[in-house]
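Sequence positions, counted from 1, serve as the residue numbers for this chain. Only a predicted model underlies this, so the values are computations on that prediction, with no experimental measurement involved.
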Amino acid sequence: MNPQLSTAYPVCDFTNNTMHAALADSDTLFVTNHFGAAEPESSRFIAPRQIDLVLVPLLCFDNEGYRVGYGKGFYDRFLSQARSDVYKIGLSYFGPIEKITDSDAFDVTLTHCITPQKIYEF
């Protein structure tokens, strides 16, 4: 264990579709939210600007680093508050598609995406 490394997990507020990063350690209790996702019960939050790396969930991604998420914009809103040098890493079982055609100005691109075959850098 690295004492200088902190781990945070997403906690979603479904009333306004925002997300916060809750610090967690081996003693943290997790609860299941109403969508079935485990979230830390902790109220120790860390500001997006203090985070160095974010693992970003996705359904698919394209050759420019745009991704299709789960449709509520939680991660785009959260990442828009992060530092410009934050690593935004997607994990996917599949390689990129050519182009996601319905991206918007508020969509935040990945810096990397890891698949079983390759690591993509954008």
**Message:** Can you tell me if Leu53 has over 12 outside heavy atoms packed within less than 6.0 Å of its CG?
**Reply:** yes
Are [X] and [Y] close enough that some pair of their side-chain heavy atoms sits under 4.5 Å apart?
X: Phe78; Y: Val56; value: no
X: Asn63; Y: Glu98; value: yes
X: Tyr70; Y: Leu59; value: yes
X: Thr18; Y: Gln81; value: no
X: Phe74; Y: Pro10; value: no
X: Arg77; Y: Asn17; value: yes

Taking all atoms of both residues into account, what is the closest heavy-atom pair of [X] and [Y], and its distance?
X: Gly95; Y: Tyr120; result: CA-OH, 3.9 Å
X: Ser80; Y: Val108; result: N-CG2, 4.1 Å
X: Ile100; Y: Cys60; result: CD1-O, 4.2 Å
X: Phe106; Y: Asp76; result: O-CB, 3.8 Å
X: Phe94; Y: Phe61; result: O-CE2, 3.2 Å

Atom [atom1] of [X] and atom [atom2] of [Y]: how far apart are they, to the nearest 0.5 Å?
X: Asp102; Y: Asp107; atom1: CG; atom2: CG; answer: 8.0 Å
X: Cys113; Y: Leu91; atom1: SG; atom2: CG; answer: 6.5 Å
X: Glu64; Y: Leu110; atom1: CD; atom2: CG; answer: 12.0 Å
X: Ile89; Y: Ile119; atom1: CD1; atom2: CD1; answer: 8.5 Å

**Donor-acceptor contact below 3.5 Å, side chain Thr111 vs main chain Lys88** = yes
**Message:** Strictly distance-based, threshold 3.5 Å: is any side-chain N or O of Arg67 a donor or acceptor partner for the main-chain N or O of Pro57?
**Reply:** yes
**Asked** How are the rings of Phe45 and His20 set relative to one another: parallel (under 30°), tilted (30 to 60°) or perpendicular (over 60°)?
**Response** tilted
**Request:** Determine the interplanar angle of the Phe14 and Phe35 rings, folded into 0 to 90°, and report it as parallel if under 30°, tilted if 30 to 60°, perpendicular if over 60°.
**Result:**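 If you compare the ring of Phe14 with that of Phe35, the planes turn out tilted.
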